[in-house]
Q: 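What follows is a single structure, and I will ask about it in a moment.
Letters go in sequence order (proteins before strands), and every chain restarts at 1. Below, all heavy atoms of this structure are taken into account, side chains as well, without hydrogens, waters or symmetry copies.
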There are 2 protein chains.
Amino acid sequence: MTRAEEIYQRLRADILNGRHEPGSRLRVEALKERYGASSGVLREALPRLVGQGLATFAPQQGFRVVTVSPERLEELTEARVFIETHLVRESVTAGTIEWESDLLAAHHHLARVPFFGDTGEINEGWLNAHARFHRVLLEGCSNRQLRDIATQLREVAEVYRCWARTPTEHSNRDIAAEHKTICDRAIERDVPGVVEALTRHINATTNLLLDDYGRREEEGKQDRGPSAP
Amino acid sequence: MTRAEEIYQRLRADILNGRHEPGSRLRVEALKERYGASSGVLREALPRLVGQGLATFAPQQGFRVVTVSPERLEELTEARVFIETHLVRESVTAGTIEWESDLLAAHHHLARVPFFGDTGEINEGWLNAHARFHRVLLEGCSNRQLRDIATQLREVAEVYRCWARTPTEHSNRDIAAEHKTICDRAIERDVPGVVEALTRHINATTNLLLDDYGRREEEGKQDRGPSAP
DNA sequence: CGTCAAGAAAATCTCGAGATTTTTGAAAAA
DNA sequence: TTTTTCAAAAATCTCGAGATTTTCTTGACG
């Protein structure tokens, strides 16, 4: 593992967990101190994030965490539904016994790992298990190009999860039930069922985030409202 | 334009034009001399190619141009047909008058620019016009996520074009006719027509390349055949 | 003749210093 | 009060040298 590789992994995890806020600048000087790496290493790691769609770059203005907006989230969701439903259809149709086993294992893990961490934030282990479940679900499809695209889109969408204010215990239970449904339908080889369950799941997650965004906008207006003209 | 930006553009163009062979190593030391840039600049530009899917990277082993294989080309083609037909459907349905005009202009340019350059190789201007035509065709669709994905897939597919042995005048005429059909059906707002034309076009290009690959394999076998046991 | 090992060559990886550009903040003018 | 100017500060951009790792060559051994 080279230095640049390590820093890239840490940067990626820190963005996916919201430790770097969406839209915030990624100053090389600041990152040098935080990650204890030279500018050269950082300037090699950061462009990789750009390629993955997790960061942006402008000449003479440095790097930024990818920015978020409701419009972009809706586009992202539409793209995910389009591609993932296609993949899951192929996957459930063509998946082998090994794929079935992997999916069961991934779901079992996801169902057991706690959603909340010690600090009240989302547990990093849960995020990893969640990413794994969705990846394995589509791995029955043989087209690696499309699978890679789906993974990339999910990663960008993950930025939005940590951007939302606070995940609730209620939403956690809903999500867990959705995962169970997806897993069951997939094992049963119920193609229309799994497609519908996955579509619902993706859209439900988006709606949760959009509601949260709307609420925040509302509060923001009140803060700058009649009480402080 | 920063140094790294410039070098990135040149590297990208050189890969897309086959001046760096698929699978070949991109040694920093060699590129330093060729592009007249320092190692730092190159180590910033190369990871961007990796993110775009035009190069690969392995720790301690450096960068390589993306490798090609018939299987990967087939996966790529399947992915392109799946995504581009969806996009062109949206595009032709929702495209504005401005979009129509842009498409006509892009096709006119593509039809006029010569296919072969002075050296007998494919003309770089034609490659640019071709990329532009296909990009504009899908630009009537508002979902930027999906459009970007389609563009990225086409770019990777471009690597295969230069990998093929020699484009013929015959294949050139076929391709030009296909572009004309696509453009006409799009302007007529004939959705099923344009979807069929685009599907044919993508598959035809792939088949041309696969035939060429098969012929080359055949010759390779003869070379190493009974005459030299 | 083929296999293995040690040394040499070459490439990658890492770092910090200097040049260039952008941003910031305060002072002056309208 | 608002706008403009300009200089200081900070960040980006670029470069080449040294450390580490891989690859290639050469030669000895089975």
Q: According to side chain to side chain donor-acceptor pair (under 3.5 Å), who are the partners of A:S38, at least two apart in sequence or on a separate chain?
A: none
Q: Take the C1' atoms of the five end pairs on each side of the helix from C:dC1-D:dG30 to C:dA30-D:dT1, derive the two axes, and give their angle rounded to 10 degrees.
A: 30°
Q: Between A:R80 and A:T205, is any pair of side-chain heavy atoms under 4.5 Å apart?
A: no
Q: Taking CZ from A:F63 and C1' from D:dC13, how many angstroms apart are they, rounded to a whole number?
A: 11 Å
Q: Using a strict threshold of under 4.0 Å (side-chain N to carboxylate O), is an ion pair present between B:R10 and B:D14?
A: no
Q: Using the test side chain to side chain donor-acceptor pair (under 3.5 Å), find all partners of A:R12 that sit at least two apart in sequence or belong to another chain.
A: A:E155
Q: What are the atom names and distances for every N/O pair under 3.5 Å that joins the protein to nucleotides 20-25 of chain D?
A:
none

Q: Atom CD of B:E33 to atom P of C:dA11: distance rounded to whole Å?
A: 10 Å
Q: Taking only residues two or more places apart in sequence, or in another chain, which ones meet A:H20 in a ring-ring contact (aromatic ring centres under 6.0 Å, His included)?
A: none
Q: Who are the ring-ring contact (aromatic ring centres under 6.0 Å, His included) partners of A:W126, not counting sequence neighbours?
A: A:F115, A:H130
Q: Holding to side chain to side chain donor-acceptor pair (under 3.5 Å), I want the full list of residues that pass it with A:R135, two or more places apart in sequence or in another chain.
A: A:E139
Q: A:T2 has a side chain; which of D:dT14, D:dA11, C:dC13 sits nearest to it?
A: C:dC13
Q: Grab the CD1-C1' distance between B:I7 and D:dC15 for me, whole Å please.
A: 13 Å
Q: Can you see which heavy atom on A:T2 is nearest to which on B:P59, and at what distance?
A: CG2-CB, 3.8 Å
Q: Give the nucleotide from the list D:dA11, C:dC15, C:dT12 with an atom nearest to the side chain of B:V28.
A: C:dT12
Q: Quickly work out the A:R48 CZ to C:dC13 C1' distance and round it to whole Å.
A: 13 Å
Q: Rounded to the nearest Å, what distance is computed from the CG atom of residue B:L26 to the P atom of nucleotide C:dT12?
A: 10 Å
Q: Excluding sequence neighbours, so at least two apart, what forms side chain to side chain contact (heavy atoms under 4.5 Å, CB included) with B:N128?
A: B:E124
Q: Going by side chain to side chain donor-acceptor pair (under 3.5 Å), name the residues that satisfy it together with A:E158, two or more places apart in sequence or in a different chain.
A: A:R161
Q: Using distance only, find each side-chain donor-acceptor pair of residues 63-71 of chain A under 3.5 Å and give its atom names and separation, not counting sequence neighbours.
A:
| residue | atom | partner | partner atom | Å |
| --- | --- | --- | --- | --- |
| A:R64 | NH1 | A:G23 | O | 2.7 |
| A:S69 | OG | A:E71 | OE1 | 3.4 |
| A:S69 | OG | A:R72 | N | 3.1 |

Q: What is the separation between atom CD on B:E44 and atom P on C:dC15, rounded to the nearest whole Å?
A: 16 Å
Q: Categorize A:F57 for me: base, sugar-phosphate, or nothing, with a 4.0 angstrom heavy-atom threshold over every strand shown.
A: sugar-phosphate
Q: Grab the CD-P distance between B:E5 and C:dT21 for me, whole Å please.
A: 16 Å
Q: Distance check: side-chain N/O of A:R43 vs OP1/OP2 of D:dT12, anything under 4.0 Å?
A: no
Q: Could you give the CE-to-P distance, from B:M1 to D:dT14, as a whole number of Å?
A: 11 Å
Q: According to side chain to side chain donor-acceptor pair (under 3.5 Å), does anything in residues 49-63 of chain A pair up with another residue at least two apart or in another chain? List the pairs.
A: none
Q: Would you tabulate the pairs of protein nitrogen or oxygen atoms and nucleotide nitrogen or oxygen atoms of nucleotides 16-19 of chain C closer than 3.5 angstrom?
A:
none

Q: Looking across every strand, which nucleic acid part, if any, lies under 4.0 Å from A:A30 by heavy atom: base, sugar-phosphate, or nothing?
A: nothing
